[in-house]
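These values consider heavy atoms only, across backbone and side chains, with no hydrogens, waters or symmetry-generated copies. Just so you know, these numbers come straight off a predicted model, no measurement behind them. We count ligands from 1, going down the list as the structure has it; atoms in each ligand are counted the same way.
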Amino acid sequence: MLLNLKNILVTGGAGFIGSNFIRLFLEKHRDVDLINLDKLTYAGNLESLRDVESDPHYHFYRGDITDAAFVRRLFNEWHFDAVINFAAESHVDRSILGPQVFIDTNVRGTMTLLEAAREFGLERFLQVSTDEVYGSLGPAGKFTETTHISPNSPYSASKASADLLVRGWEKTFNLPTMITRCSNNYGPYQFPEKFIPLMVINALQNKELPIYGDGLNVRDWIYVEDHCEAIDDVLYKGKIGEVYNIGGGNEVQNIHMAKLILNKLGKTESLLKYVKDRPGHDRRYAMDSTKIEVELGWKPRHSFEQGINETIKWYVENEKWWRRIISGEYQNYYKLQYEER
Ligand code: NAD
Ligand code: TYD
């Protein structure tokens, strides 16, 4: 029997994946109230949700998942049936510049939500995690749900810590938790600090495309909508206490991706610039998604060709969205990250 959820809390819904998820969820489930709790950090952007904000089933609260009193009040008001925790500091390079906020939000914030869920009770607590908790692969093999956790960056260490807390709360307090671990997402509304949007908007501006190290690191790219559908499947059909890997089945070397983007935009490869490598840079990620495919019947619906064309088209057509971002605080970050690299 399908779970009967009446209201769900989505944290971090003003970010890249959260905003895509909200759009998809509201379209698919017309009888569920969705409450979006977001701190609106540099990465949170309500402009990514303009088309859903007047939906009567959508409710936005600005707040911090580390603020236990606030979180408690919200749970008391809504008595959520489910929580999907997207809220996080999400960028590896920023976690190297300053790890503290990663521990605060990703670790302490997750615990605050777990504690509220324990106090008020709910049907499902879904933690949105990442393949990066598994560490790095050599040239062969894939991560499965039983691969040992071995994170290599402050970001991935904080996400792995959160996963362990979620597990602990399930085993000890019988909290009905589930964890999804997904590979690298790309698509509309991704903050331009991440690789694909950075390559696209730099190319559009005829700016250099910074390639870390030898450019041969591999990521397993998934179109964001496919990830969102997987989360919806796990929420409604997943088994309590389980971890589900979600991958795009689409491994690409960074240099290949950068060249492909230049090519699609009709730009010259002389824009490529090899720069100093990221410390602790994971060489390769690849996900084995057999479990979610076999048990829940999920499969990515977008081919890479389709997904990347849609994504590039979106950034070309939504210049106003990214221009506003890169004209603000982003400039300071960009200087700090790339000026002397
Ligand atoms: P994002 O950085 O675009 O968005 C994060 C959102 O969380 C923002 O809206 C931000 O304002 C909000 N937030 C941050 N700190 C908060 C706090 N203390 N309280 C409330 N809200 C807060 O990130 P994303 O790329 O959309 O990633 C979403 C989730 O998916 C993260 O948990 C991330 O670890 C995970 N994930 C991301 C990827 C990827 O490729 N982007 C892959 C796998 C998993
Ligand atoms: P990123 O989008 O930061 O995701 P993650 O590191 O979490 O996988 O980076 C994807 C890959 O692209 C990663 O191997 C680092 C590389 N990269 C560059 O070469 N140049 C850049 O400017 C950025 C942001 C990333």
Side-chain angles (χ1 to χ4, degrees), residues 10-21 36-46 48-49 61-67 70-71 84-96 101-102 104-106 108-110 112-113 127-133 136 152-153 155-156 158-159 162-163 180-187 189-199 202 208-222 224 227-228 231 245-248 252-255 257-258 272-278 280-285 287 334 337-338 341:
V10 167
T11 68
F16 164 48
I17 306 174
S19 61
N20 278 286
F21 177 80
N36 174 15
L37 163 59
D38 198 295
K39 186 180 175 181
L40 299 182
T41 66
Y42 78 92
N45 188 350
L46 291 179
S48 306
L49 289 161
Y61 290 79
R62 184 171 193 179
D64 189 329
I65 60 164
T66 68
D67 181 346
F70 175 84
V71 167
I84 308 178
N85 184 26
F86 290 95
E89 287 295 331
S90 65
H91 191 34
V92 173
D93 290 325
R94 286 189 195 250
S95 80
I96 297 166
V101 69
F102 285 73
D104 291 344
T105 288
N106 301 1
R108 205 156 56 78
T110 301
T112 305
L113 293 169
Q127 174 70 6
V128 180
S129 186
T130 164
D131 59 356
E132 302 193 25
V133 302
S136 183
N152 294 318
S153 73
Y155 164 67
S156 53
S158 71
K159 292 296 290 186
D163 285 11
T180 56
R181 297 190 178 132
C182 190
S183 60
N184 288 63
N185 286 221
Y186 68 100
Y189 302 103
Q190 186 165 30
F191 196 85
E193 67 193 352
K194 303 282 168 38
F195 185 64
I196 288 187
L198 189 95
M199 297 295 119
N202 279 17
E208 283 170 345
L209 275 56
I211 306 295
Y212 297 168
D214 61 7
L216 300 180
N217 301 65
V218 171
R219 297 293 182 263
D220 174 0
W221 294 98
I222 182 170
V224 62
H227 180 194
C228 293
I231 289 174
N245 282 358
I246 305 163
V252 186
Q253 284 177 338
N254 293 339
I255 187 64
M257 182 70 88
L272 295 168
K273 187 184 177 211
Y274 286 92
V275 299
K276 199 163 123 221
D277 207 356
R278 170 192 280 173
H281 195 176
D282 287 336
R283 192 63 169 168
R284 175 172 165 262
Y285 302 143
M287 283 300 238
Y334 202 87
Q337 190 64 247
Y338 295 103
R341 196 155 191 151

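In this structure, atom 9 (O) of ligand 2 lies nearest to the protein heavy atom F195 CB, 3.8 Å. Nearest protein neighbour of atom 14 (O) of ligand 2, counting heavy atoms only, is H281 NE2, 2.7 Å. Annotation: atom 8 (O) of ligand 2 to nearest protein heavy atom, R219 NE, 2.7 Å. Closest to atom 20 (N) of ligand 2 among all protein heavy atoms lies P210 O, 2.8 Å.
The cationic atom of R219 (NZ for Lys, CZ for Arg) does not lie both less than 6.0 Å from the six-membered ring centre of Y186 and within 45° of the ring axis.
Under 4.0 angstrom from ligand 2, the non-hydrogen atoms of N184 all belong to its side chain. In E193, the part holding a heavy atom less than 4.0 Å from any atom of ligand 2 is the backbone. Neither the backbone nor the side chain of I196 comes within contact range of ligand 2; no heavy atom lies under 4.0 Å.
Here atom 3 (O) of ligand 2 lies nearest to R278 when heavy atoms of K194, R341, R278, E132 are compared.
For the residue pair T66 / K39, no side-chain donor-acceptor distance below 3.5 Å is found, with atom types taken as modelled.
Screening T110, D163, T180 against S129 for a side-chain hydrogen bond (donor to acceptor under 3.5 Å, both in side chains) leaves a single residue, D163. Of the residues Y212, Y155, Y338, the one that meets the side-chain hydrogen bond (donor to acceptor under 3.5 Å, both in side chains) test with D93 is Y212.
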Do any nitrogen or oxygen atoms of ligand 1 lie under 3.5 Å from a protein nitrogen or oxygen, and which ones?
residue	atom	partner	partner atom	Å
ligand 1	2 (O)	S90	OG	2.6
ligand 1	3 (O)	F16	N	3.0
ligand 1	9 (O)	G15	N	2.9
ligand 1	9 (O)	D38	OD1	3.3
ligand 1	9 (O)	D38	OD2	2.6
ligand 1	11 (O)	D38	OD1	2.6
ligand 1	11 (O)	L40	N	3.4
ligand 1	11 (O)	T41	N	3.0
ligand 1	11 (O)	T41	OG1	3.1
ligand 1	18 (N)	D64	OD1	2.9
ligand 1	18 (N)	T105	OG1	3.0
ligand 1	19 (N)	I65	N	3.0
ligand 1	21 (N)	K39	N	3.1
ligand 1	23 (O)	S90	OG	3.2
ligand 1	26 (O)	F16	N	3.3
ligand 1	26 (O)	I17	N	2.8
ligand 1	32 (O)	F86	O	3.0
ligand 1	32 (O)	K159	NZ	2.7
ligand 1	34 (O)	Y155	OH	2.6
ligand 1	34 (O)	K159	NZ	3.1
ligand 1	40 (O)	N185	N	2.9

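Between M287 and D220, the shortest heavy-atom distance links the atoms N-OD2, 3.1 Å. What you find for S136 and N152 is that their closest heavy atoms are N-ND2, 3.7 Å.
Under a 4.0 angstrom heavy-atom cut-off, Q337 registers as lying outside contact with ligand 2. The shortest separation from a heavy atom of Y155 to ligand 2 is not under 4.0 Å, leaving the residue out of contact.
Here is the list of ligand 2 atoms found below 4.0 Å of a heavy atom in H91: 3 (O). Less than 4.0 angstrom separates some heavy atom of Y285 from each of these atoms of ligand 2: 8 (O).
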